[in-house]
Amino acid sequence: MDNSRRKFLKIAGLTAIAGIGAPTAFNSLLKGEVHASTATEGCYPAAEHGVVTATSGKRLGFVIDTKKFAADRDLSKRCIEACHSIHNVPDFGNKKDEIKWIWVENYEHAFPDNSQQKVSEEVEKLPIMTLCNHCQNPPCVRACPTQATFKNAEGATMMDFHRCIGCRFCMAACPYGARSFNWRDPRPFIKKENPEFPTRMRGVVEKCLMCYERLAEGKLPACVEVAQPAGAMFFGDLNDPSSEISQVLKEKFTIQRKPSLGTKPSIFYII
Amino acid sequence: MYDKNKIIPGLIVFVGLVTFPIWYGFGGGGKLPNPEKPTIAKQCVMPTEEMRKSHMVLLNQWRDDIIRMGGTRKGVTADGTDYVRSLQKGCMKCHASKKKFCDECHNYAAVNPYCWDCHLQPKEAN
């Protein structure tokens, strides 16, 4: 009897201490005194789309004139071919394994935010060139556990394939479907290998890298090089008010893909 | 001891078989690797000793510097030759054969680097 009373008191005492202590610990977590994870640099909670952020540093971006692509239906194919042949992108010949850096989407799928009950036939059939949006606030970068994907100083959302462990968190995080996963060894499915660029291996995610290797040589991205003569694509620094792309953006009405998500895409579409 | 005639020769044969790898290669030391030296350049990007020891570290440094820090792609050797800091566009321009250069030592040291899972080796005429 004595013994069990002693036990009861002990348990009651400990419970009381835990009851007093737990809210304190919980509050300190809520206040953010303890960090569960560190935020990636350059990433902040999604702000309202219209908020003007600091315009220091470079932010390379694209303007895509969808009307020009509609006028020349072959142009998009040539852009895709130029990009995919340079970057050793494999063609598996089926949708399930498909790897794509740049592809054509229809209006409804590319701009679900801009849905209308009635859409003109012209808009309905617009070929929308889609590629990685190189967002200013990229969700994929936040999701990557190894920092294999990151923002570089020029504003491109880069990838270091060496570091990719194939977890595909970035693919889940990307709202634009810009990332593809190598389910199989891509080597045998590359039509013609470009010896100047590496391939990928099985288990690695890949996407458009804004032709960082071409920019370093002073060239334009491959797709822009093909589309520029037709005036269908513009490329430049969005933060430089005197750049050609800034002039185009000042003159034309453009839209971005899924602006409500606050990712701030660096690709603007003239519809 | 019973069966002395069988046990002692048996032991001798056993010891001989077990130590076979030791005395088979005794004094030979195996064939040393002999990577083929390029003919178009005299000097590598770092002294030979350092390259031998830490070329893999250098490659990683190049990669991180170029794609993360916005570093330069151009390098100059001690004797003033320009080179590209890249495996495919740099190293393999001089060391044109993976088989005769890379594989020589890698096979000898029994290491299996995964560079070539992604990077393309120069096409060799054979």
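Chain A is the first sequence line, chain B the second, and so forth, proteins listed ahead of strands; every chain is numbered from 1.
- In this structure, Arg257(A) forms no cation-pi arrangement with Tyr176(A), as its terminal cationic atom is not both closer than 6.0 Å to the ring centre and no more than 45° off the ring axis.
- Side-chain contact check for Arg73(B) and Ser86(B): no donor-acceptor pair (N or O, by modelled atom type) lies under 3.5 Å.
- Proximity to chain B (any heavy atom under 4.5 Å) is restricted, for Phe197(A), to the backbone atoms N, CA, C and O.
- Contacts of Glu217(A) with chain B are made by side-chain atoms alone, with heavy-atom separations under 4.5 Å and no backbone atom involved.
- Residue Arg68(B) places its CZ atom among more than 12 non-hydrogen atoms of other residues, nucleotides or ligands, all under 6.0 Å distant.
- Both the backbone and the side chain of Tyr212(A) come within contact range of chain B, with heavy atoms under 4.5 Å apart.
- When heavy atoms are compared at a cutoff of 4.5 Å, Asn60(B) does not approach chain A at all.
- Within the 4.5 angstrom heavy-atom criterion, only side-chain atoms of Lys93(B), from C-beta onward, approach chain A.
- Contacts of Asn88(A) with chain B are made by side-chain atoms alone, with heavy-atom separations under 4.5 Å and no backbone atom involved.
- Checked for salt-bridge contact, Asp160(A) and Arg63(B) meet the test: a charged N lies under 4.0 Å from a carboxylate O.
- Heavy-atom distances place the side chain of Arg187(A), and not its backbone, under 4.5 Å from chain B.
- Lys42(B) and Asp79(B) are not joined by a salt bridge, as no carboxylate oxygen comes within less than 4.0 angstrom of a charged side-chain nitrogen.
- With Glu225(A) as the fixed residue, the salt bridge (Lys or Arg N to Asp or Glu O under 4.0 Å) test singles out one of Lys219(A), Arg214(A), Arg78(A): Arg214(A).
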